[in-house]
Amino acid sequence: MKSDIQTRDDLSKLIHSFYGKIRTNEEIGHFFNETIQDWDAHLEKLTDFWGNNLFGVRKYYGNPILAHLEVDEKFSHSISPNIFGLWLNLWFETLEELFEGENVETLKFRARKMGTVFLAAIYENRQHHQSDSTAQTKV
Ligand code: HEM
C-alpha cells in the first residue's frame, strides 16, 4: 500500500518525478526547458514552495504569480487553460503513482486552485498590455 506525503524527502521525490514528466512532455516541456537554466535549483525551489504550502515551513519567498506573468510574456501570451490542464493532469498522475492519503488530495486541490488564480492574473495582465498599446497609439 502507498503511504501519504509526510516529509520533505517525500515532496522532493514527488517534485523530481513530476518535472521528469514535464520536461519530456511534447506539448508543454518546451516552456520549462527554454526557461529554466538550473534544474537542480528549480527542483529545490519547488520543493521549498510545496513544503511551505503543505507543512508551513517558510523557505520559499518568491512571487509565483509574477513568475508566470513573465513566462506568458516570454512566450508571446500563449499560455492557455489547456496548458494548465495538461500541467494539472501530470501533477495528479504523479501524486497518484507515488502516494495516497489526505495530503495527496490537498495537493491536488491546492494546485487546481492556484492554476485558476495564475490564469486569472495572466488574462488580467494581457488586458493591461492591450490598454497600454491602445493608449500609446492614441498619443
Ligand atoms: C497550478 C499550476 C502551477 C503551479 C502551482 C506552479 C508553480 C510554480 C512555482 C512555485 C514556480 C517558481 C516561481 C519562482 O521563481 O519563485 C514556477 C515556475 C515556473 N512555472 Fe509554474 N506552476 C504552475 C503551472 C505552470 C504552467 C501551466 C506552466 C506552463 C507554461 C508553468 C511554467 C513555469 C515556468 C517556465 C517556471 C520557471 C520560471 C523562471 O524560473 O523564470 N507553470 N511555477
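First listed ligand is number 1; within each ligand, the first listed atom is number 1.
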Quiz item: Does at least one non-hydrogen atom of H42 fall below 4.0 angstrom from an atom of ligand 1?
Solution: yes
Quiz prompt | Polar atom proximity, H68 to ligand 1 (N or O, under 3.5 Å) | solution = yes
Quiz item: Looking at W87, F32, F92, which one forms a ring-ring contact (aromatic ring centres under 6.0 Å, His included) with F18?
Solution: W87
Quiz prompt | Closest candidate by heavy atom, reference atom 36 (C) of ligand 1, pool L88, V71, I83 | solution = V71
Practice problem: Would you mind checking which non-hydrogen protein atom is closest to atom 37 (C) of ligand 1, with the distance to 0.1 Å? | Solution: I36 CG1, 3.8 Å
Practice problem: Return the minimal non-hydrogen interatomic distance between V104 and D4, and the atom names on each side. | Solution: N-OD1, 3.5 Å
Self-check item: Under 3.5 Å donor-acceptor, R8 side chain and T47 backbone
Solution: no
Quiz item: With the threshold set at 4.0 Å, does a side-chain nitrogen-carboxylate oxygen contact exist between E105 and R110?
Solution: no
Exercise. May I ask you to check whether W50 has an N/O atom sitting below 3.5 Å from an N/O atom of ligand 1?
Key: no
Practice problem: Starting from atom 30 (C) of ligand 1, locate the nearest protein heavy atom and write down its residue, its atom name and how far away it is, to 0.1 Å. | Solution: I79 CD1, 3.5 Å
Quiz item: Quick one: does T35 get an N or O within less than 3.5 Å of an N or O on ligand 1?
Solution: no
Practice problem: Any atoms of ligand 1 less than 4.0 Å from a non-hydrogen atom of G115? List them with their elements. | Solution: 1 (C)
Quiz item: Of all the atoms in ligand 1, which lie at a distance below 4.0 Å from a heavy atom belonging to F31?
Solution: 30 (C), 35 (C)
Quiz prompt | N33 side chain vs G29 backbone, donor-acceptor pair below 3.5 Å | solution = yes
Exercise. Examine distances only and state if a side-chain atom of H16 and a backbone atom of S12 form a donor-acceptor pair shorter than 3.5 Å.
Key: yes
Exercise. Could you tell me the residue and atom name of the protein heavy atom closest to atom 1 (C) of ligand 1, and the distance to it rounded to 0.1 Å?
Key: A111 O, 3.1 Å
Practice problem: Just jot down the ligand 1 atoms closer than 4.0 angstrom to any heavy atom of K45, in number order. | Solution: 12 (C), 14 (C), 15 (O), 16 (O)
Quiz item: Donor-acceptor pair, D72 side chain versus I122 backbone, under 3.5 Å?
Solution: no
Quiz item: For ligand 1, which atoms sit closer than 4.0 Å to a heavy atom of A67?
Solution: 13 (C)
Practice problem: Closest by any non-hydrogen atom to atom 14 (C) of ligand 1: pick that one out of Y60, W87, F49, F84. | Solution: Y60
Quiz item: Within 45° of the axis and under 6.0 Å from the centre of the six-membered ring of F99, does NZ or CZ of K2 qualify?
Solution: no
Quiz item: Is it the side chain (CB and beyond), the backbone, both or neither of F75 that lies under 4.0 Å from ligand 1, heavy atoms counted?
Solution: neither
Quiz item: At what distance is the nearest protein heavy atom to atom 9 (C) of ligand 1, and which residue and atom is it?
Solution: L46 CD1, 3.7 Å
Quiz prompt | Side-chain donor-acceptor pair present, E73, N125, cut-off under 3.5 Å | solution = yes
Self-check item: Proximal candidate to atom 32 (C) of ligand 1 [heavy atom criterion; set F32, Y61, W91]
Solution: F32
Self-check item: Option from F55, F49, W50 for which ring-ring contact (aromatic ring centres under 6.0 Å, His included) with Y60 holds
Solution: F49
